[in-house]
Undergrad: 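Dropping the structure in here first, questions after.
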Protein chains: 2
Amino acid sequence: MSEQNTPRKRRGSGRATIHDVARLAEVGSITASRYFSDPSRVGQERSARIAAAAKQLAYVPNMVAGGLASSHGRVVGMVIPNISGPIFAPTIQSFSDTLNRHGYQLLLASSYFSAKQEESAVRAFLGWSPAALVVTGRFHNRTTEKLLATAGIPVVETWDYAPRRKPIQVGYSNHAVGEQAARYLVKKGYRRIAFVQNSLAGDLSAVDRSDGYAAVMREHGLEPHIYVPTAAAPFDAGRQAMEALSLANGSGKRPPPADAIIFANDNLAAGALLSGQRAGLRMPEQCAIVGFGDYAFSSLLLPSLTTIRPPGREIGEIAALRILEQLGVLPAPEGDTRLNLLECELIERESA
Amino acid sequence: MSEQNTPRKRRGSGRATIHDVARLAEVGSITASRYFSDPSRVGQERSARIAAAAKQLAYVPNMVAGGLASSHGRVVGMVIPNISGPIFAPTIQSFSDTLNRHGYQLLLASSYFSAKQEESAVRAFLGWSPAALVVTGRFHNRTTEKLLATAGIPVVETWDYAPRRKPIQVGYSNHAVGEQAARYLVKKGYRRIAFVQNSLAGDLSAVDRSDGYAAVMREHGLEPHIYVPTAAAPFDAGRQAMEALSLANGSGKRPPPADAIIFANDNLAAGALLSGQRAGLRMPEQCAIVGFGDYAFSSLLLPSLTTIRPPGREIGEIAALRILEQLGVLPAPEGDTRLNLLECELIERESA
DNA sequence: TTGTAGGCGTTATCAA
DNA sequence: TTGATAACGCCTACAA
């Protein structure tokens with residue numbers, strides 16, 4: 001016990017270091033280091049001694065020192081547009097959990113869909129020598145592009161899918177989602193199908209969806225009708241669209257412009273559903289509604305909302321797996337793992 | 001341009017270091033270091049030279065090296081029960097944003113309400129020499145307690161409030177929430193008020209709420225009636241409770257056991273609302289419903305759900321501010337900032 | 001399988 | 001206000 005001479009260093013965290021463990025275990029510190037990174041490379045006896053010493057000293061490896069020495073720490077940075085919205089949380093959750101399971105930690109920041117904020121988050125992360133970086137979408141400003149390209153670490157783009165780009169892609173096709181919704185409604189017999197765009201300009205993914213919708217419409221000889229609401233709040237915008245497209249048979253002669261509406265997201269759809277319901281509109285008979293996102297409330301609405309569920313959880317998990325493979329933590333599977341195109345599921349409920 | 005001799009080191013990240021900046025600016029590297037941590041401590045001329053050099057070299061400070069040298073990095077670890085539930089996301093969001101604004105990064109992990117997972121997350125964080133640590137709730141296992149106590153850094157407990165504990169507290173009183181809901185219903189004239197507990201055992205905060213409810217009931221000479229559903233899924237549990245407490249007037253003689261129900265959370269309340277609605281029950285006339293959580297869907301239900309909103313966003317922001325004050329990044333306000341008791345807001349909607 | 005030497009990029013310490 | 005020097009705790013390279 002009196003062995004434990006405390007040299008009272010002038011600096012330092014005061015916690016036990018790998019040297020303390022090695023000394024107590026009577027091995028070289030590099031042997032202790034090897035034990036912690038890959039126990040199979042250290043002999044039985046010493047392993048046992050090291051384990052005992054580590055336990056006795058409550059040793060916690062200093063990841064900062066390790067990161068500095070090896071020039072890449074066991075952290076992965078993720079920039080996500082926002083954390084508290086209904087969309088991205090499952091991605092963060094599954095991403096973080098998968099990383100943790102393999103000893104990596106998540107460094108998180110949000111961009112609020114701002115390229116400038118994304119850039120500053122990436123820059124801040126870079127200071128931590130992350131093992132990899134995850135960003136959302138394929139649109140970044142030039143500086144961010146350069147930072148990512150020269151970082152020399154795996155970069156993953158999530159929530160979008162751009163086969164020709166360099167980073168690993170994990171996402172789905174918004175264009176296909178638009179097609180999927182339109183095909184579904186066409187098959188159900190609807191013909192006057194409208195698409196309600198997000199009033200938030202800059203939601204490029206919604207534009208991709210409306211493109212897919214328009215393509216299918218034309219394919220069937222139907223006229224695409226894309227409505228862009230002006231109201232800023234999603235529920236209000238949804239109501240506004242509903243009034244314009246389905247409740248607006250003011251003259252009493254003409255049928256309303258739409259007998260089915262695809263919304264850019266479930267918030268818009270919910271606003272429309274509520275206003276339709278309050279106006280006594282029968283849905284889906286008089287007007288079918290399809291949303292996007294499968295938010296938590298979507299199954300609770302009356303009528304419950306038919307919507308398309310993006311694979312948020314899967315995106316997070318696959319992004320993490322691809323990174324761990326790139327880092328050599330997991331064995332690399334056969335074939336090209338750079339492109340990961342996932343499917344969205346159309347969830348058929350009452351509204352369409 | 002040919003000045004940029006690349007010394008091709010055998011190791012290292014390849015990025016520009018503070019020494020490169022200092023050399024280009026023709027100052028000592030320590031002066032450059034000072035410039036980045038507190039520009040006011042460096043003279044005008046040199047400051048300008050350093051700034052120019054940093055820009056030219058696209059210098060990104062290496063936080064890992066800085067963290068090692070100063071034995072505490074600019075990261076803060078947060079353990080939250082889960083990220084993708086409806087509850088904690090705003091806390092994470094505001095916490096992260098507030099930290100980022102002051103140059104600190106968020107290290108995130110989730111515990112899924114497991115003390116064991118919480119412990120391993122705290123342990124993992126400690127390896128990063130965080131500047132502070134945030135945990136959720138006041139119940140941890142003994143090891144976690146010890147780790148937190150001996151970490152020598154600010155520790156914040158959020159989402160609960162235990163004045164006598166050591167760490168900084170940022171939360172609200174679940175007991176008071178239970179009282180608040182009960183008082184509201186009593187004042188509205190309801191007398192047969194029941195409380196529906198979470199079927200998930202281990203949700204201790206919900207137990208605190210039911211205690212508060214029971215206290216108010218007794219205070220008014222009323223009999224507390226706490227119902228514990230057996231169904232595991234929240235919506236099912238809510239339906240089950242509704243059937244037992246309000247729709248169960250099978251004999252046709254006795255009035256149902258409850259004319260008002262407080263639910264442990266909005267998910268349960270939503271399940272109840274839906275089943276009540278499908279059974280043709282008029283709410284709140286025949287049965288008033290109060291939830292807890294103010295989830296995203298709560299305002300969209302029919303009738304819209306009267307509920308109590310916990311101050312999730314505020315918790316995150318205040319936790320971050322207290323930490324930054326403790327670290328000296330922000331000026332410390334007067335008085336005791338260790339205890340931060342926030343209010344929950346009762347949001348009056350249609351269901352009660 | 002184990003050990004030695006030295007460097008990773010920054011900041012604390014001390015002196016000027 | 002500025003700078004030289006020595007940690008910080010670990011890991012890579014190389015040797016035994």
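Per chain, numbering begins at 1; letters A, B, ... match sequence-line order.
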Undergrad: Rounded to whole angstroms, how far apart are CZ on A:Phe36 and P on D:dC11?
TA: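 Roughly 10 Å, once rounded to whole Å.
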Undergrad: How close or far is atom P of C:dT1 from atom CG of A:Asp38, stated in whole angstroms?
TA: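 Rounded to the whole Å, the gap is 10 Å.
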Undergrad: Could you check how far CG of A:Asp20 sits from C1' of D:dC8, rounded to whole Å?
TA: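 Nearest whole value for this atom pair: 13 Å.
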Undergrad: Thinking salt bridges, do A:Glu145 and A:Arg165 make one under a 4.0 Å N-O criterion?
TA: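 A salt bridge is present here (some side-chain N lies under 4.0 Å from a carboxylate O).
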Undergrad: Within less than 4.0 Å of OP1 or OP2 of C:dT2, is there a side-chain N or O belonging to A:Arg49?
TA: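 The answer is no; no side-chain N or O of A:Arg49 sits under 4.0 Å from OP1 or OP2.
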Undergrad: Counting N and O atoms only, with roles assigned by atom type, does the side chain of A:Gln105 sit under 3.5 Å from a partner on the main chain of A:Gly103, one being a donor and the other an acceptor?
TA: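 The answer is no, because no donor-acceptor pair under 3.5 Å joins these two groups.
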Undergrad: Can you list, pair by pair, the side-chain donor-acceptor contacts under 3.5 Å of residues 323-330 of chain B, counting residues two or more places apart and other chains?
TA:
from, atom 1, to, atom 2, distance (Å)
B:Glu325, OE1, B:Arg322, NH1, 3.2
B:Glu325, OE2, B:Arg322, NH1, 3.0

Undergrad: In whole Å, I'd like the distance from the CD atom of B:Gln44 to the C1' atom of D:dT2.
TA: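 After rounding, the reported distance stands at 16 Å.
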Undergrad: If I take atom OH in residue B:Tyr35 and atom P in nucleotide D:dG3, what distance separates them, rounded to the nearest angstrom?
TA: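 Distance, rounded to whole Å: 15 Å.
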Undergrad: For residues 25-34 of chain A, which residues have at least one heavy atom under 4.0 Å from DNA chain D?
TA: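 Hits under 4.0 Å, by residue number: A:Ile30, A:Ser33.
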Undergrad: One pair to check against side chain to side chain contact (heavy atoms under 4.5 Å, CB included): A:Ile315 and A:Phe95. What are the steps and the verdict?
TA: CA-CA 8 Å; A:Ile315 289 175; A:Phe95 185 71; over 6 Å; no
Undergrad: Examine the side chains of A:Asn62 and A:Thr17 and answer whether a donor and an acceptor come within less than 3.5 Å of each other.
TA: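 Looking only at side-chain atoms, A:Thr17 and A:Asn62 do not form any donor-acceptor pair under 3.5 Å.
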Undergrad: Calculate the interatomic distance between B:His19 atom NE2 and C:dT10 atom P; express it in whole Å.
TA: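 It is 6 Å, rounded to the nearest whole Å.
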Undergrad: Tell me yes or no: between the side chains of B:Ser94 and B:Asp97, is some donor less than 3.5 Å from an acceptor?
TA: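 No, because no side-chain N or O of B:Ser94 sits under 3.5 Å from a partner of the opposite role on B:Asp97.
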Undergrad: Would you indicate what B:Val64 reaches in the nucleic acid, counting non-hydrogen atoms under 4.0 angstrom: base, sugar-phosphate, or nothing?
TA: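 B:Val64: no heavy atom of the nucleic acid under 4.0 Å.
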Undergrad: Could you tell me how far apart B:Arg74 (CZ) and C:dT10 (C1') are, to the nearest whole angstrom?
TA: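 In whole Å, C:dT10 C1' lies 12 Å from B:Arg74 CZ.
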Undergrad: Checking all strands, does B:Tyr59 fall into the base, sugar-phosphate, or nothing category for heavy-atom contacts under 4.0 angstrom?
TA: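 Sugar-phosphate contact only - B:Tyr59 comes under 4.0 Å of backbone atoms but never of a base.
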Undergrad: Quickly work out the B:Arg23 CZ to C:dT10 P distance and round it to whole Å.
TA: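 My rounded result for the distance is 12 Å.
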Undergrad: Here's a test of your reading of the structure: between A:Gly66 and B:Gly43, which maps to the more 5' nucleotide of DNA chain D?
TA: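 Going by which nucleotide is closer to the 5' end, it is B:Gly43.
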Undergrad: Out of C:dG9, D:dC10, D:dT12, which nucleotide sits closest to the side chain of B:Ala65?
TA: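 Of the options given, the side chain of B:Ala65 lies nearest C:dG9.
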Undergrad: May I ask you to decide if the ring planes of A:Phe36 and A:Tyr59 are parallel, tilted or perpendicular, using 30° and 60° as cut-offs?
TA: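 Tilted.
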Undergrad: Is B:Arg46 near enough to D:dG3 that one of its side-chain N or O atoms lies under 4.0 angstrom from OP1 or OP2?
TA: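 Yes, such a contact exists.
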